[in-house]
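Letters A, B, ... mirror the listed sequences (proteins, then strands); counts begin at 1.
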Amino acid sequence: MNVHPGTAKPVEDPMLPLTYEVVGIKKELPDTVTLDLRAPNGMPFEFEPGQFNMLYAFGVGEIPISISGDTSDPMQLVHTIRVVGKVSQAFAKLKEGDSIGVRGPYGVGWPVNNIKGSDVVIVGGGLGLAPLRPAIYSVLANRGQFGNVVILYGARTPNDLLFEEQLHEWRGRFDLHLDVIVDRAEAGWPGRVGVVTQLIDHAVFDPEETAALVCGPEIMMRYAVQALADRGVDTKNVYVSMERNMHCALGFCGHCQFGGTFVCRDGPVFAYDTISELFTTREA
Amino acid sequence: MVDQRDMASIIGEVDFFDGLPADTLELLAGCAKNVRFNAGDYIYREGQAADTFYIIRHGSVAVQLHVPGRRPLVIESLTTNEVLGWSWIVAPYRWSFDAQCVTLVRALAFDATCLRGKMETDCAVGYEMLRRFVTVMSQRLRGTRIRLADMYAPTVNAAD
Ligand SMILES: Cc1cc2nc3c(=O)[nH]c(=O)nc-3n(C[C@H](O)[C@H](O)[C@H](O)COP(=O)(O)OP(=O)(O)OC[C@H]3O[C@@H](n4cnc5c(N)ncnc54)[C@H](O)[C@@H]3O)c2cc1C
């Protein structure tokens with residue numbers, strides 16, 4: 001018999017979702033919602049920052065979604081979903097009290113425990129801040145065990161900033177540095193306009209003692225890793241989350257396979273060095 | 001009032017001029033002065049003669065594209081230690097955009113005619129200045145090109 005990893009509850013089949021109830025919905029952006037889920041029997045859900053679940057919209061389909069909540073609050077399972085197609089659309093239409101299927105958590109997440117003692121540079125782009133949020137919570141909960149903590153966040157426009165209230169809250173702290181930049185803005189926006197790599201050029205950290213966690217569109221990650229390397233950060237200390245499409249989440253079906261690596265089983269978080277060729281492979 | 005020697009040492013602390021020999025810093029100091037602008041002030045406007053360039057020492061400047069019938073579009077924002085303006089180095093020496101202060105701005109302002117003269121008579125100074133400006137221009141061009149990919153664009157709009 002298998003054990004359902006998130007709940008430590010034995011389940012017959014790892015492909016079988018458990019039913020969770022939607023207990024909270026927050027519309028983050030016009031196309032993005034955050035769902036708070038609770039197991040009907042009140043079971044806690046244990047996970048590591050950067051892991052994901054397969055979420056099942058009954059009668060529509062199943063998709064991988066990163067957990068965007070706090071590992072220290074296992075009673076609340078939180079996911080942030082952007083609408084791109086029919087399954088994500090179905091999640092955006094849910095109401096409190098509705099049910100969805102959940103199986104997970106899956107994958108290898110951010111190595112928060114292994115980078116203690118380092119400066120931490122967290123680089124997020126767009127929705128990429130969602131999978132990074134559990135790592136940020138975890139670093140801040142253990143703030144004394146890290147050197148400088150820098151959060152750099154890029155988005156399309158000022159209206160596309162995810163978790164805006166939290167960005168303000170983090171920015172107000174004296175023990176971290178947070179900078180935000182947008183691709184475009186109208187006059188009156190008091191923040192920065194440009195690419196997120198510009199923030200890396202100016203951020204304060206010791207490159208030789210830095211671990212970086214990077215998540216966002218692949219183009220952004222590619223240039224962010226380059227900018228970190230240009231500053232002197234060893235790319236084996238740079239971790240990226242590869243959110244390429246997948247199906248079974250268990251390393252069976254090969255949907256997310258490249259070479260001998262399965263994104264679902266061996267990732268989604270990888271040390272950049274181990275998958276750098278994937279970033280530079282060109283479409284035929 | 002800052003004398004020329006003080007100005008040379010101020011300039012020497014700016015990253016952009018890092019590694020320049022003392023005599024070049026003195027030369028640059030001869031073309032430089034401290035300036036201050038209030039939030040909302042325009043440092044320059046599109047079409048005006050580009051007769052100055054700036055190193056921002058404090059504050060933030062929005063480089064804007066004026067669009068008829070709309071609020072100006074911010075193309076880029078620049079802040080402490082960054083260079084504002086390179087049209088002074090490329091003929092016909094006219095600003096291509098507006099530069100508006102987002103906050104109070106303190107900057108070093110360099111007289112472009114003075115500097116162009118020195119760059120032409122002293123090739124070593126000319127080369128050093130161009131080398132530094134080309135680096136800034138290439139970084140900004142790269143940033144602009146990456147943004148052309150519109151990488152954060154949503155795939156589909158959500159139905160409300
Ligand atoms: C490990 C992992 C974690 C993820 N975490 C999140 C998350 O936290 N929040 C979130 O909103 N999304 C996340 N995604 C992406 C999410 O799984 C897809 O958006 C979803 O599968 C789309 O399903 P759909 O039926 O709504 O759209 P579909 O109809 O399947 O696709 C609609 C469009 O989106 C494109 N698309 C689908 N999946 C992806 C993808 N993975 N990458 C790029 N383009 C894609 C398709 O090519 C198509 O153009 C994650 C993906 C992975 C692999």
- prompt: What option among B:Arg140, B:Gln139, B:Gln100, B:Glu76 has the most heavy-atom pairs under 4.5 Å with chain A?
  reply: B:Glu76

query: When only pairs under 4.5 Å are counted, which of A:Glu218, A:Arg192, A:Arg184, A:Glu186 shares the most heavy-atom pairs with chain B?
result: A:Arg192

message: Taking atom CZ as the centre, does B:Arg36 end up with more than 12 heavy-atom neighbours from other residues, nucleotides or ligands that are less than 6.0 angstrom away?
response: no

query: Checking heavy atoms, do the side chain of B:Ile75, its backbone, both or neither come under 4.5 Å from chain A?
result: backbone

- prompt: Counting heavy-atom pairs under 4.5 Å to chain B, which of A:Gly188, A:Ser88, A:Gly125 comes out on top?
  reply: A:Gly125

query: Between atom CG of A:Asp201 and atom CG of B:Asn81, what is the distance when rounded to the nearest 0.5 Å?
result: 12.5 Å

Neighbour count above 12 (heavy atom, 6.0 Å) for A:Glu96 CD: yes

- request: Output the distance between atom OH (B:Tyr152) and atom CD1 (A:Ile219), rounded to the nearest 0.5 Å.
  value: 9.5 Å

- line: Correct closest heavy-atom pair for A:Pro217 and B:Met151 would be CG-O, 3.4 Å

- line: Note: vs chain B, highest number of non-hydrogen pairs under 4.5 angstrom among A:Thr197, A:Val193, A:Ile181 is A:Val193

query: Between the side chains of B:Arg142 and A:Gln198, does any donor sit under 3.5 Å from an acceptor?
result: no

message: Using a 3.5 Å distance criterion without hydrogens, assess whether the side chain of B:Arg147 forms a donor-acceptor pair with backbone atoms of A:Asp183.
response: yes

message: As an exercise: rank B:Gln64, B:Arg70, B:Arg71 by heavy-atom pairs under 4.5 Å with chain A and give me the winner.
response: B:Arg71

query: Who among A:Gly191, A:Gly194, A:Ala187 has the most heavy-atom pairs with chain B under 4.5 Å?
result: A:Ala187

message: Looking at B:Tyr127, I'd like to know if its OH atom is crowded, meaning that more than 12 non-hydrogen atoms belonging to other residues, nucleotides or ligands lie closer than 6.0 Å.
response: no

